[in-house]
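Just so it is clear: chains get the letters A, B, ... in the order the sequence lines come, proteins before strands, and each one is counted from 1. Not measured: the values here are computed from a predicted model.
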There are 2 protein chains.
Amino acid sequence: MQNKPRSSRVTLREVALSADVSEVTASRALRNPELVSERLRDRVLAAARELAYVPNQLASALASARTGRVAIIVPSLTNGVFDDYLRAAYDIFTPAGFQVVILNSNYVPGFEERAIETALGQYPEAIVLAGIDQTARARRLLNQAGIPVVQTMEIADDPIDINIGLSHAEAGHAAARLLFGLGHFRVAHMASPLDSRARERVRGYLRAVQEFDAEPIVATDDSPSNVAIGGDLLVEILRREPATSAIFCGNDNLALGALFECQRRGVRVPEDMSIIGFNDLEFAKSAFPALSTIATPRYEMARQAAEIILEITRGSGKRPRKRRIDLGFEVIERASTRRIAGASK
Amino acid sequence: MQNKPRSSRVTLREVALSADVSEVTASRALRNPELVSERLRDRVLAAARELAYVPNQLASALASARTGRVAIIVPSLTNGVFDDYLRAAYDIFTPAGFQVVILNSNYVPGFEERAIETALGQYPEAIVLAGIDQTARARRLLNQAGIPVVQTMEIADDPIDINIGLSHAEAGHAAARLLFGLGHFRVAHMASPLDSRARERVRGYLRAVQEFDAEPIVATDDSPSNVAIGGDLLVEILRREPATSAIFCGNDNLALGALFECQRRGVRVPEDMSIIGFNDLEFAKSAFPALSTIATPRYEMARQAAEIILEITRGSGKRPRKRRIDLGFEVIERASTRRIAGASK
DNA sequence: TTGAAAGCGCTACCAT
DNA sequence: ATGGTAGCGCTTTCAA
């Protein structure tokens with residue numbers, strides 16, 4: 001019936017034939033061994049091993065309406081931010097028997113909607129999203145899917161379903177305030193504001209600037225942030241405002257680039273320049289000088305998302321009472337920030 | 001027939017009903033619009049949009065024996081090494097209409113076999129692996145699947161199917177030789193030898209040690225490498241052999257950690273210590289001093305893997321003539337390595 | 001404990 | 001150009 005010869009892969013029928021039992025029994029022997037007599041079970045398992053049988057997940061999912069899959073959509077795989085996050089997802093979901101499927105929207109607007117659609121087409125039993133700015137159509141698809149949807153990383157006013165995150169505006173504000181609080185006045189901000197979180201951080205920075213009656217100095221780049229860009233933006237900031245004595249970098253990669261560029265130019269950190277990053281990536285504590293930063297609970301956000309999903313899928317679909325969880329952030333002062341020389345205490 | 005009420009998601013039947021056409025016509029209107037009259041096509045598309053229809057990929061794949069999926073199995077998502085690699089895969093496969101599914105084996109032996117099994121259960125149309133040391137059972141499953149299998153990152157003596165990589169023994173040898181060639185004699189190696197590639201690099205280093213009649217100094221750590229570990233291993237090396245004047249770091253993250261730790265201890269790089277990394281990750285060129293390293297063609301490996309797969313799947317399954325491609329590596333000398341003081345040219 | 005029958009949602013084939 | 005029918009490989013009844 002098929003034009004393209006189905007790859008001659010071993011099917012359950014062949015296993016059953018070889019073990020001389022019915023397909024149902026073979027299926028049971030593989031999935032619920034305790035329901036099958038030892039004799040038949042052994043025969044089935046032996047046949048399956050012998051034939052190197054791999055169950056067709058597609059057929060299984062279609063028949064059972066259970067895919068055992070959870071989709072996770074992230075905007076990037078390449079900046080370290082989602083490392084802990086994905087690790088947490090694997091840590092919780094894998095032992096629970098769920099397969100984690102990662103889709104990447106690459107920070108391209110519109111790709112997330114496509115990724116969500118693709119994910120939904122595979123009928124995952126839950127979906128975890130980074131961020132809260134899904135398109136209207138995506139929200140509709142998500143709602144219609146009738147599965148748990150967790151928006152993470154950021155706090156939403158109107159969550160689709162469950163929401164676990166933190167306020168990036170607050171976090172950005174805290175970072176800038178730390179710098180102003182150390183007596184700095186010319187405090188710059190560099191960012192690759194590709195997502196709403198980065199833009200929220202900029203807003204937090206601007207609010208602090210206003211509070212301290214200072215002038216904003218913002219340098220941005222439209223590509224996904226990396227270390228090299230951090231160096232470039234440092235150069236730009238110094239050119240535009242040579243008196244800058246402190247920089248809030250929108251993430252740790254930018255901060256690392258800024259730090260290196262300072263060293264390259266003989267600008268001492270923290271003596272001449274204070275630098276604070278964002279995220280507390282793995283390398284931040286090991287840098288020299290150790291990088292001050294804002295720690296975000298990335299592992300914890302994904303962990304809680306996963307736990308809640310397990311609870312819902314196992315427990316008859318009931319949502320937890322708290323559908324909106326603010327996990328906050330932590331200001332980490334290390335060696336790369338310092339009270340400005342000559343500033344009164 | 002189902003106990004668990006199938007999520008009431010919109011099916012093709014409902015779209016067809018709503019558009020007052022048969023299921024087949026609805027299916028065609030969505031997949032091959034040119035086969036359907038404009039009138040019906042418009043009705044179907046309108047109904048699909050209205051109902052926010054998302055095709056069930058599972059059913060489609062089962063019926064058509066085409067999943068439009070390619071599985072990529074990597075040992076880690078968290079060390080930057082697979083960033084370019086995955087980007088290349090997306091760059092080539094996505095426009096070609098393939099969905100990329102990433103599975104992570106987490107450098108845990110045995111997990112790769114499981115990941116391969118999981119991947120195969122989803123009936124991908126091709127599979128891309130990192131490394132060449134698959135288990136015997138995995139090889140059997142892969143062979144049986146009858147789909148293109150590309151082993152990457154490393155060159156194999158007996159590829160399963162297609163193999164694109166480089167010799168890590170040669171690359172490690174080249175790194176160490178560079179250091180010896182600069183007049184260093186106490187040349188150490190630090191590594192997190194979690195995979196066969198890292199172990200091959202160690203072998204390359206040891207071969208160079210022998211050739212230059214030196215003593216091996218190898219410090220290793222069994223966790224996935226990161227920047228902090230690079231610092232720790234530097235400390236260990238200096239403790240064990242204070243006269244060490246050059247280090248080949250098994251990857252750039254370790255190198256970065258070593259660099260920072262040198263700075264912390266007042267060991268000047270490259271004046272007192274030469275450091276060479278491995279992979280040429282994004283930050284290497286921006287570091288201060290810029291990091292010497294071995295560039296590996298990660299983007300290119302995945303790109304060629306993808307192109308070959310497209311060619312095979314499109315072109316009646318014929319394999320290319322060359323099934324084993326060595327893409328080599330490049331020694332990148334930057335500022336972190338230098339001829340040892342007082343060494344004769 | 002075992003198995004026969006039906007059907008998951010979709011597409012291939014063949015007919016009209 | 002359109003639709004009826006069969007069937008992908010599996011699991012879920014339900015009956016024996």
Q) Does dT11(D) have OP1 or OP2 sitting under 4.0 Å from an N or O in the side chain of S27(A)? A) yes
Q: Choose from dT11(D), dT11(C), dG9(C) the nucleotide whose nearest atom is closest to any side-chain atom of L12(A).
A: dT11(D)
**Q.** Check: R9(B) side chain, dG9(C) base, donor-acceptor under 3.5 Å
**A.** no
Q | side-chain contact (heavy atoms from CB on, under 4.5 Å) against E154(A), all qualifying residues, sequence neighbours excluded | A | I132(A), H168(A), S196(A), R197(A), E200(A)
Q.
Is S22(B) close enough to dG4(D) that one of its side-chain N or O atoms is under 4.0 Å from OP1 or OP2 there?
A. no
Q | Contact under 4.0 Å: R31(B) side-chain N or O vs dA12(C) OP1/OP2 | A | yes
Q: Nearest whole angstrom, please: distance from the P of dT2(D) to the CG of L35(B).
A: 10 Å
Q: Determine, for E34(B) against R41(B), whether the closest basic-nitrogen to carboxylate-oxygen distance falls under 4.0 angstrom.
A: no
Q. Taking CG from L17(B) and C1' from dG9(C), how many angstroms apart are they, rounded to a whole number?
A. 14 Å
Q: Starting at atom CG of N32(A), determine the distance to atom C1' of dT11(D), rounded to an integer number of angstrom.
A: 11 Å
(Q) Please determine whether a side-chain nitrogen or oxygen atom of T25(B) lies at a distance below 4.0 Å from atom OP1 or OP2 of dG3(D). (A) yes
Q. Could you walk me through whether Q304(B) and T152(B) pass the side chain to side chain contact (heavy atoms under 4.5 Å, CB included) check?
A. CA-CA 10 Å; Q304(B) 292 200 20; T152(B) 62; over 6 Å; no
Q: Could you tell me whether the phosphate oxygens of dT2(D), OP1 or OP2, come under 4.0 Å of any side-chain nitrogen or oxygen in S37(B)?
A: yes
Q: Mind calculating the distance between CG (N56(A)) and P (dC8(D)) to the nearest angstrom?
A: 12 Å
Q.
Checking contacts here: which listed nucleotide (dG3(C), dT11(D), dT11(C)) is nearest the side-chain heavy atoms of V21(A)?
A. dG3(C)
Q.
Can you see if the side chain of Y53(A) gets near the phosphate of dC10(D) - specifically, an N or O under 4.0 Å from OP1 or OP2?
A. yes
